[in-house]
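Notes to accompany the following structure.
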Amino acid sequence: MSTDLKKFPNVTIEKVRNFGIIAHIDAGKTTVSERVLFYTGLTHKIGEVHEGEAVMDWMEQERERGITITAAATTTFWKDHRLNLIDTPGHVDFTIEVERSLRVLDGAVVVFDGVAGVEPQSETVWHQAEKYKVPRMCFINKIDRTGADFWKAVDSIHERLTKKTAIMTLPIGSEDNFEGLVDLLTEKAWYFEGKMGEVIIEKEIPAELQEEAKKRRAELVERIAELDEKLTEKFLEAQPIALDELNIALRKGVIANEIVPIFCGSALKNKGVQRVLDAVVAYLPSPIDVPPVEGTDPDDLEKKIVRKPDPSEPFAALAFKVANDPYVGQVTFFRVYSGTIKTGSYIYNSSVGKKERVSRILRMHANDREEVEEISAGGIGALVGMKFTTTGDTLCDEDHPLILERITGADPVISIAVEPKTKADQEKMGMALKSLMNEDPTFRVRTDEETMQTIMEGMGELHLEIMVDRMKREFGVQVNVGKPQVAYKETITKITEAEGRYIKQSGGRGQYGHVWLRLEPMERGKGVEFEDDIKGGAVPREYVPAIEKGVIESARNGAIAGFPVVDIKAVAYDGSYHDVDSSEIAFKIAASMAFRSGVKNASPVLLEPIMKVEVITPENYMGDVVGDLNARRGQILGMSERGTVKVIDALVPLGSMFGYATQLRSMSSGRANYSMQFDHYQEVPRNIQDELVGAKTVKKI
């Protein structure tokens with residue numbers, strides 16, 4: 001990596017921009033990031049994704065596949081502003097990387113393909129940004145591609161994401177004739193010349209676009225004026241509005257999530273990225289423009305604590321990512337919300353109640369690094385050698401503790417069994433799996449109690465494939481891999497009551513536990529809930545936590561095929577105890593007996609993960625594709641056109657999608673492609689359930 005690791009000058013907090021680049025896979029995020037590094041002077045050569053030379057895609061697996069797998073962070077400068085940039089993956093299997101990046105970022109640039117417009121993962125990352133109230137800008141990329149249509153892409157944003165947009169630039173030409181941009185605010189045409197588009201030439205708007213530009217600028221001014229009362233008055237009175245006034249109002253609107261500016265260009269052809277950089281500085285918030293971070297008191301979780309983005313406030317930061325660096329070992333990425341962290345000091349991990357020593361602080365540049373003495377409020381950096389800290393932990397001043405909102409990963413939907421090839425591999429495998437789990441909250445490992453196999457669980461086939469590959473390359477572990485299995489779950493369909501009574505006499509003190517549970521089905525996604533409704537001291541209060549523990553542990557194995565039981569509420573409402581023989585373990589066993597008995601009598605059913613599938617195919621293969629999706633128990637949601645191809649949206653059970661990529665290539669002579677993401681869990685049809693359980697074609701997960 002030809003990075004100039006000069007010491008970056010200190011800047012005031014209002015000149016810091018923490019932003020991410022988010023998009024659907026193949027929209028061009030990493031290509032945009034590489035241009036940002038080049039134009040800001042951080043690299044002296046543009047690394048291309050298709051050549052396997054991208055700086056931000058530094059993992060071997062990323063370079064081989066031409067996709068982003070892990071979020072890469074870097075720090076650079078543009079017009080005396082510090083930019084802390086995170087390039088995130090677009091593949092749905094690695095959505096946790098987007099989730100945890102957005103959790104700590106103040107703004108985002110959402111990249112769209114100029115041909116495809118809004119794609120499935122575009123919607124996912126957009127909604128993730130909405131969840132964290134992250135201000136956004138849009139960059140419609142690949143305007144130079146055959147079939148690119150700027151206005152069609154804009155329409156797809158309006159239809160599927162938001163109508164609160166402000167079109168900032170127009171393309172001059174398109175496809176092979178794409179030459180430059182019309183900047184509507186300055187009413188100038190921008191052309192990008194020089195070998196790498198680094199020379200910006202400002203000219204008058206071409207004659208054939210002047211009428212369109214005049215119309216679109218009037219729309220833009222009206223849209224911005226709506227954000228400010230004074231500007232609204234000026235606009236209604238037909239008074240001129242100064243450029244500075246428009247920029248100030250637009251900035252306020254973006255920060256308040258009231259408007260989303262839209263830019264266009266072609267990162268690959270080096271056109272338009274500098275205008276996006278200008279907009280990042282001009283419109284996205286600094287750390288002091290977003291609301292102060294709010295946490296809770298570790299001793300009283302109802303008590304709220306607010307930390308302002310001020311270096312003089314008590315230190316508070318969130319560890320948002322853990323990674324293994326081949327040169328320095330485990331690296332913990334963190335965002336400082338208040339105060340300052342210094343080398344040699346001690347910090348407190350309030351999530352686990354442990355002190356950590358700060359031995360080294362790094363500023364990361366993809367897989368390169370620069371050592372610094374301190375990082376203050378608003379900064380993003382990395383710590384080396386944290387012993388107890390994992391993703392989502394709060395780091396703070398021990399004298400002023402607080403706990404920030406954790407980052408939670410989605411539940412895995414697919415699993416594989418792995419076993420070491422040799423005894424030497426067996427010793428290393430446990431360490432490798434523990435390290436990978438520490439990095440990725442959506443990657444889980446457990447042991448099957450029946451077969452004693454090691455089961456890896458993840459978000460998709462690619463996710464698990466990458467994990468196996470990383471075990472081999474990074475940890476030197478060779479493993480045999482079983483076939484992928486679907487993460488089925490179980491639930492109940494009716495309310496039932498069940499009794500659990502555990503009585504054991506063995507000569508001395510016995511065991512006595514007795515509890516009544518009411519089990520109620522809940523809506524999808526609710527998990528397992530426990531409620532204490534025991535009246536009149538039928539069971540002493542000190543045994544209630546043991547009852548809850550018995551319920552939670554029993555829910556791990558259902559009555560149909562041993563899959564986890566979900567979407568169920570267990571209410572403990574009665575029972576009895578013995579003054580001498582009752583104990584926590586007796587009540588835990590009694591609760592477990594009642595829960596298992598109740599689930600069996602509550603008409604349990606199997607649930608399967610349903611995937612949202614989008615297939616893009618030439619029209620002449622559409623009948624075959626639809627027929628095949630129907631055969632896979634798919635539900636066709638709709639069909640639309642995108643340029644010269646057809647788009648089919650469907651909901652399909654994950655269990656029917658194994659091997660689909662090969663089948664689709666075969667049906668379409670390699671011309672169709674698809675994307676898939678988890679949508680919801682749904683009841684398995686009875687005949688399929690009987691097949692699964694009877695033939696034992698699935699393993700207990």
Side-chain angles (χ1 to χ4, degrees), residues 23-28 49-50 61-62 64-69 89-95 112-113 115-124 142 145-147 156 160 413-416 458-466 468-469 481 483-487 608-680 682 685 688 697-698:
H24 184 90
I25 191 168
D26 281 343
V49 176
H50 56 273
Q61 294 89 343
E62 294 178 314
E64 287 170 0
R65 291 167 173 81
I67 62 169
T68 303
I69 292 168
H91 197 288
V92 68
D93 283 14
F94 309 105
T95 192
F112 299 92
D113 183 320
V115 178
V118 175
E119 297 173 89
Q121 187 68 0
S122 313
E123 292 185 71
T124 302
K142 302 189 179 184
R145 270 188 68 195
T146 303
S156 71
R160 298 171 69 173
V413 295
I414 191 171
S415 70
I416 54 172
M459 300 305 294
E461 289 180 90
L462 180 61
H463 188 198
L464 294 179
E465 180 191 319
I466 295 292
V468 170
D469 195 42
V481 180
K483 287 184 178 178
Q485 305 287 341
V486 177
E608 63 183 344
I610 303 296
M611 312 303 285
K612 189 176 182 183
V613 179
E614 181 186 85
V615 184
I616 300 167
T617 176
E619 187 172 5
N620 48 330
Y621 303 112
M622 198 164 80
D624 290 341
V625 171
V626 170
D628 183 64
L629 289 172
N630 286 329
R632 293 172 187 268
R633 294 194 288 128
Q635 175 192 349
I636 307 298
L637 299 178
M639 301 180 199
S640 57
E641 290 186 8
R642 188 178 293 165
T644 59
V645 295
K646 299 290 182 181
V647 180
I648 302 162
D649 290 302
L651 293 174
V652 190
L654 175 61
S656 303
M657 289 300 289
F658 293 135
Y660 184 64
T662 306
Q663 176 67 14
L664 184 63
R665 276 198 298 271
S666 172
M667 278 190 297
S668 65
S669 304
R671 294 175 63 195
N673 60 71
Y674 80 105
S675 61
M676 176 172 78
Q677 64 189 78
F678 172 73
D679 194 75
H680 66 282
Q682 182 175 295
I688 303 293
T697 54
V698 292

(request) First locate atom CG of L637, then atom CG of L651, and finally report the distance between them rounded to the nearest 0.5 Å. (result) 4.0 Å
(message) Evaluate H463 against I414 for side chain to side chain contact (heavy atoms under 4.5 Å, CB included), listing each step before the verdict.
(response) CA-CA 9 Å; H463 188 198; I414 191 171; over 6 Å; no
(message) I'd like to check the side-chain contact (heavy atoms from CB on, under 4.5 Å) partners of E123; sequence neighbours left out, ordered by chain and number.
(response) V118, H127, R160, L161, K612
(request) Return the minimal non-hydrogen interatomic distance between G634 and V652, and the atom names on each side. (result) CA-CG2, 4.0 Å
(message) Which heavy atom of S122 sits nearest to which heavy atom of G117, and what is that distance?
(response) OG-O, 4.3 Å
(request) For E608, check side-chain hydrogen bond (donor to acceptor under 3.5 Å, both in side chains) against everything at least two apart and list the hits. (result) R633
(request) Using the test side-chain contact (heavy atoms from CB on, under 4.5 Å), find all partners of D624 that sit at least two apart in sequence or belong to another chain. (result) M667
(message) So, applying side chain to side chain contact (heavy atoms under 4.5 Å, CB included) with I616, which one of V647, I648, V625 is it?
(response) V647
(request) Supply the atom-to-atom distance M657 CE to L629 CG, rounded to the nearest 0.5 angstrom. (result) 6.5 Å
(request) Considering non-hydrogen atoms only, spot the tightest contact between I636 and A650 and give its length. (result) CD1-CB, 4.0 Å
(request) Enumerate the residue pairs fulfilling side-chain hydrogen bond (donor to acceptor under 3.5 Å, both in side chains) with a member in residues 648-667, sequence neighbours excluded, ordered by first and then second residue. (result) none
(message) Tell me every residue that passes side-chain hydrogen bond (donor to acceptor under 3.5 Å, both in side chains) with Q635, counting only those two or more places apart in sequence or in another chain.
(response) none
(message) Nearest 0.5 angstrom please: K142 NZ to D113 CG, how far?
(response) 4.5 Å
(message) Using 0.5 Å steps for rounding, measure from the OH atom of Y674 to the CD atom of E614.
(response) 12.5 Å
(request) Could you give me the CA-CA distance, side-chain angles and deciding distance for V468 and I416, then say whether side chain to side chain contact (heavy atoms under 4.5 Å, CB included) is met? (result) CA-CA 10 Å; V468 170; I416 54 172; 4.0 Å; yes
(request) State the CG-OH distance between D628 and Y621, to the nearest 0.5 angstrom. (result) 15.0 Å
(request) Measure the spacing between CZ of F112 and CD of E119 and express it to the nearest 0.5 Å. (result) 9.5 Å
(message) Minimum heavy-atom separation for G655 and V486, please, with both atom names.
(response) CA-CG2, 3.5 Å
(request) Would you check if F678 and L654 make a side-chain contact, meaning some heavy-atom pair closer than 4.5 Å? (result) no
